[in-house]
Amino acid sequence: GAGVSQTPSNKVTEKGKYVELRCDPISGHTALYWYRQSLGQGPEFLIYFQGTGAADDSGLPNDRFFAVRPEGSVSTLKIQRTERGDSAVYLCASGRAVGTEAFFGQGTRLTVV
Amino acid sequence: QKEVEQDPGPLSVPEGAIVSLNCTYSNSAFQYFMWYRQYSRKGPELLMYTYSSGNKEDGRFTAQVDKSSKYISLFIRDSQPSDSATYLCAMRYTGGGNKLTFGTGTQLKVEL
């Protein structure tokens with residue numbers, strides 16, 4: 001596709017459940033970023049990948065959050081034992097290289113009930 | 001105190017007005033400054049990208065950076081109803097990859 005694709009667009013889950021959020025970056029983009037946006041706030045950095053490796057995961061809030069990008073393209077953000085406070089829009093962005101313009105997807109709206 | 005401060009608004013202006021949006025920041029290491037536009041239930045879209053201090057103009061949009069005051073601005077001339085959106089400032093420092101620090105966003109409504 002032409003842009004960054006995120007699936008699902010909406011996810012409702014029960015407290016304590018495990019969820020996976022998927023990001024398909026723009027083809028050929030080596031840099032991939034995850035951000036989290038709570039209601040009325042700006043996006044907050046979670047993690048970024050350069051190729052397959054996580055170059056900076058300093059924004060992950062705790063060890064319930066984990067992200068992978070095994071083949072340097074698609075990335076999955078995984079959240080274990082979800083809590084109501086995890087409810088937010090999770091945004092993915094990709095760029096040709098680290099430091100170049102990043103293009104955002106539409107986000108996955110996660111609601112933990 | 002947040003690293004980047006931005007008035008959340010909402011800001012309502014009549015069509016054709018000049019809009020001024022602003023952010024202040026505390027980290028003097030920030031070197032790259034951006035403005036994003038975000039429509040409801042959409043991802044942020046990059047509008048302007050500026051390095052260090054100075055002005056940059058692109059069509060109806062002008063971005064200004066004053067590093068001495070740690071203050072950045074976005075001006076929108078001849079505002080249109082289609083400009084109604086949330087405007088986010090963002091910044092990063094050299095060597096920070098593309099790890100962006102965002103403001104909270106200002107909600108703008110341009111009325112007919």
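We name chains A, B, ... by the order of the sequence lines, and we start the count at 1 in each one. This structure is a prediction, so every number in the text was calculated from the model and none was measured.
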Item to complete: Taking atom CZ of A/Phe66 as the centre, report whether more than 12 heavy atoms of other residues, nucleotides or ligands fall under 6.0 Å from it.
Response: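 No, not enclosed.
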Worksheet item: Got a sec: does the CZ of A/Arg96 have more than 12 other heavy atoms crowding it under 6.0 Å?
Response: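 It does not: A/Arg96 CZ has 12 such atoms or fewer within range.
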Close side-chain approach of [X] and [Y], heavy atoms under 4.5 Å:
| X | Y | value |
| --- | --- | --- |
| A/Ser58 | B/Lys99 | yes |
| B/Leu100 | A/Tyr35 | yes |
| B/Phe102 | A/Phe45 | no |
| A/Glu101 | B/Met34 | no |

Would you kindly confirm whether [X] and [Y] end up in one hydrophobic cluster when ILVMFWY residues are joined by side chain heavy atoms under 4.5 Å apart?
| X | Y | value |
| --- | --- | --- |
| B/Trp35 | B/Leu108 | yes |
| A/Leu21 | A/Leu60 | yes |
| B/Tyr36 | A/Tyr33 | yes |
| A/Phe65 | A/Leu32 | yes |
| B/Val65 | B/Val19 | yes |

Discussion item. Less than 4.5 Å to any heavy atom of chain B: does that hold for the side chain of A/Gln50, its backbone, both, or neither?
Written reply: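 Neither; nothing under 4.5 Å.
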Worksheet item: So what's closer than 4.5 Å to chain B heavy atoms on A/Ala55: side chain, backbone, both or neither?
Response: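 Answer is neither: A/Ala55 stays 4.5 Å or more from chain B.
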Practice prompt. Counting only heavy atoms closer than 4.5 Å, note whether B/Gln38 contacts chain A via side chain, backbone, both or neither.
Written response: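 Answer is side chain: those atoms of B/Gln38 sit under 4.5 Å from chain A.
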Worksheet item: Side chain, backbone, both or neither: which part of B/Tyr32 has a heavy atom under 4.5 Å from chain A?
Response: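 Neither part, no heavy atoms under 4.5 Å.
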Practice prompt. Drop me the distance from B/Glu45's CD to A/Phe103's CZ, to the nearest 0.5 angstrom.
Written response: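 Interatomic distance, B/Glu45 CD to A/Phe103 CZ, rounded to 0.5 Å: 10.0 Å.
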Worksheet item: Measuring from A/Asn10:CG to B/Arg41:CZ, what's the distance to the nearest 0.5 Å?
Response: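 Output value for this atom pair is 6.5 Å.
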Worksheet item: Does B/Tyr49 reach the main-chain N or O of A/Thr100 with its side chain, forming a donor-acceptor pair under 3.5 Å?
Response: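 The answer is no, because no donor-acceptor pair under 3.5 Å joins these two groups.
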Worksheet item: Any idea which of B/Gly103, B/Pro44, B/Gly105 has the most non-hydrogen atom pairs under 4.5 angstrom with chain A?
Response: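 Ranked by contacts with chain A, first place is B/Pro44.
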Discussion item. Between B/Gly43, B/Cys89, B/Pro8, who has the most heavy-atom pairs with chain A when the cutoff is under 4.5 Å?
Written reply: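 Most pairs with chain A among the choices: B/Gly43.
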Discussion item. On a heavy-atom basis, which atom in A/Gly42 and which in B/Leu88 lie closest, and how many Å separate them?
Written reply: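 Scanning both residues, the minimum pair turns out to be CA-CD2, 3.9 Å.
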